[in-house]
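A quick note: this is a predicted structure, and the numbers were derived from the prediction, not measured.
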Amino acid sequence: MTDDSQKAPLGDQIKAAGVLAGFAAWALTMGVMGLILLGFFLVVVFVVGFVLYLAWQVWWPLGLGLTAPVLYVVLIAVTGQKL
């Protein structure tokens, strides 16, 4: 029999997994509501990616102008620190 007191709490495991993998792990532990949130998150990522793709296809300065703020927001979300 293993001692469960030696296991890390789920929150620590999620933090160690990384932001996106941690969000997916959290969503999967939340059941149906978590799956709905995960699906919504994936749709948002897909839409943002598609808009950036179209912007780059139309005119590269437009693509660059839209990509820079998106990357800045992702950087803030991942690190929690503003530049």
Side-chain angles (χ1 to χ4, degrees):
M1 194 68 97
T2 60
D3 184 15
D4 287 342
S5 65
Q6 299 299 321
K7 292 183 178 179
L10 182 61
D12 291 342
Q13 293 173 353
I14 288 174
K15 288 178 189 174
V19 174
L20 295 178
F23 179 79
W26 170 82
L28 292 174
T29 62
M30 295 300 292
V32 173
M33 190 60 180
L35 291 176
I36 291 170
L37 288 173
L38 183 60
F40 177 74
F41 174 74
L42 292 176
V43 167
V44 168
V45 168
F46 177 76
V47 168
V48 168
F50 186 70
V51 168
L52 290 177
Y53 170 76
L54 288 178
W56 278 98
Q57 295 300 315
V58 170
W59 192 41
W60 73 267
L62 178 63
L64 185 62
L66 290 177
T67 301
V70 169
L71 290 178
Y72 182 68
V73 169
V74 169
L75 180 69
I76 290 173
V78 171
T79 65
Q81 298 176 356
K82 294 182 180 180
L83 295 179

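Cluster partners of M33: none. The rule joins Ile, Leu, Val, Met, Phe, Trp and Tyr whenever side-chain heavy atoms lie under 4.5 Å apart, and it links nothing here.
No path of Ile, Leu, Val, Met, Phe, Trp and Tyr side chains, each step under 4.5 Å between heavy atoms, connects V73 with L75, placing them in separate hydrophobic clusters. If you chain together hydrophobic residues whose side chains sit under 4.5 Å apart, L71 and V51 never meet in one group.
For F40, the side chain to side chain contact (heavy atoms under 4.5 Å, CB included) test picks out V44, with sequence neighbours left out. Scanning for side chain to side chain contact (heavy atoms under 4.5 Å, CB included) contacts around I36 gives V32, with sequence neighbours left out.
Once rounded to the nearest 0.5 Å, the distance linking CG of L66 with CG of L52 reads 6.0 Å. The distance from atom CG of L37 to atom CG of L28, rounded to the nearest 0.5 Å, is 11.5 Å.
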* side-chain contact (heavy atoms from CB on, under 4.5 Å) evaluation trace for L42 with F46 -> CA-CA 6 Å; L42 292 176; F46 177 76; over 6 Å; no

* Show your working on side-chain contact (heavy atoms from CB on, under 4.5 Å) between L64 and W56 and close with a plain yes or no. => CA-CA 7 Å; L64 185 62; W56 278 98; 4.0 Å; yes

